[in-house]
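The structure appears below as structure tokens.
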Amino acid sequence: MPAITAGGAVYLRLSGNINTFDGKGLSHHRPQKTPGDAQNILLIGSDSRSGDNTKLDGGKDPVGRSDTTILLHVYTDHRHAVGLSIPRDSLVVIPPCLLPGGTWSQTRTNAMFNSAFTLGSTTAGNPACTQNTVEALTGLRVDHTVVVNFAGFAVMTEAVGGVPVCLPKDIHQKDLNPNRPSSR
């Protein structure tokens, strides 16, 4: 029951912030539909600093970039799922992608995976391009794509009562980069 309540709370908090993208940017050469009631869901974490994200520290660039990408397969029983994290710096082939001006990009080889999301340099990123890249890379059809930015992640974290982080010792910025000029 707590999972349903948390899910409902997240939906109510996010329902006014859900945006869609049309399918015209999806490849015309997609893998076959997922068999049965199974679903493949592409989760993209955007680190854009536009909109509500400007309140969260860490940068000023409004262009949407994918920080984390997970392909989630929900089995036919809808009770089991498995997620595959795709490393952002993986070198992949990015198939042609629809750009904001209505033209299609050229195929890119040996490109970093997360650069698919930046094609077009918009604040919303290019989720269709990322979806095309994942489908070409895995041979699996993506049924749904979800993009969550920092503000959305913060709302989801609050809706489930926070996420505890346990560290063996305190971490300071200078510990991560000893050449950083800032103090502890």
Side-chain angles (χ1 to χ4, degrees), residues 7 10-11 13-35 37-54 56 58-75 81-157:
V10 170
Y11 175 77
R13 298 268 317 261
L14 292 177
S15 63
N17 298 318
I18 296 173
N19 298 310
T20 61
F21 65 95
D22 61 36
K24 70 182 180 181
L26 296 179
S27 173
H28 302 293
H29 307 286
R30 299 182 67 203
Q32 291 187 348
K33 188 159 174 41
T34 308
D37 282 343
Q39 298 279 306
N40 291 319
I41 304 167
L42 186 62
L43 308 167
I44 304 170
S46 170
D47 64 2
S48 168
R49 298 302 197 260
S50 66
D52 288 343
N53 294 312
T54 58
L56 302 170
K60 304 293 180 216
D61 190 354
V63 173
R65 284 189 283 278
S66 64
D67 195 23
T68 301
T69 305
I70 298 171
L71 181 59
L72 182 69
H73 177 78
V74 180
Y75 289 91
V82 64
L84 169 71
S85 177
I86 302 170
R88 59 182 274 149
D89 296 335
S90 298
L91 296 177
V92 299
V93 173
I94 298 176
C97 296
L98 185 62
L99 301 173
T103 61
W104 288 78
S105 67
Q106 297 294 314
T107 298
R108 296 176 181 211
T109 57
N110 287 327
M112 278 207 241
F113 173 76
N114 67 340
S115 67
F117 194 73
T118 64
L119 283 179
S121 297
T122 67
T123 57
N126 195 333
C129 187
T130 300
Q131 181 172 327
N132 290 342
T133 302
V134 169
E135 288 185 344
L137 179 66
T138 65
L140 300 171
R141 186 180 186 105
V142 173
D143 301 298
H144 305 283
T145 297
V146 177
V147 179
V148 178
N149 60 23
F150 285 138
F153 183 74
V155 168
M156 287 190 302
T157 301

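Numbers here are sequence positions counted from 1. Quantities reported herein were computed from a predicted structural model and do not represent experimental measurements.
Closest approach of V142 to R30, counting heavy atoms only: O-NH2, 2.9 Å. Scanning both residues, T34 and H73, for their nearest heavy atoms gives CG2-CE1, 4.3 Å. Heavy atoms only, all atoms of each residue included: L72 and A81 are closest at CD1-CB, 3.9 Å. Listed here is the closest heavy atom pair of A116 and T133: CB-OG1, 3.6 Å.
Looking at E135, its side chain never comes within 3.5 Å of a backbone N or O of P31 through a donor-acceptor pair. In this structure a side-chain-to-backbone donor-acceptor pair under 3.5 Å is missing from N132 to H29. Checked by atom type and distance alone, the side chain of D143 pairs as donor or acceptor with a backbone atom of N40 at under 3.5 Å.
The closest side-chain heavy-atom distance from Y75 to V82 is below 4.5 Å. A heavy-atom distance below 4.5 Å is found between the side chains of F117 and V147.
Distance check: T130 OG1 to L119 CG gives 8.0 Å after rounding to the nearest 0.5 Å.
Within 6.0 Å of CZ in R108 there are 12 or fewer heavy atoms belonging to other residues, nucleotides or ligands.
For R141, there are no side-chain hydrogen bond (donor to acceptor under 3.5 Å, both in side chains) partners two or more places apart in sequence or in a different chain.
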N/O donor to acceptor pairs below 3.5 angstrom from side-chain atoms of residues 85-107, sequence neighbours left out:
from	atom 1	to	atom 2	distance (Å)
R88	NH1	D67	OD1	2.7
S90	OG	P87	O	2.9
S105	OG	C97	N	2.9
S105	OG	C97	O	3.4

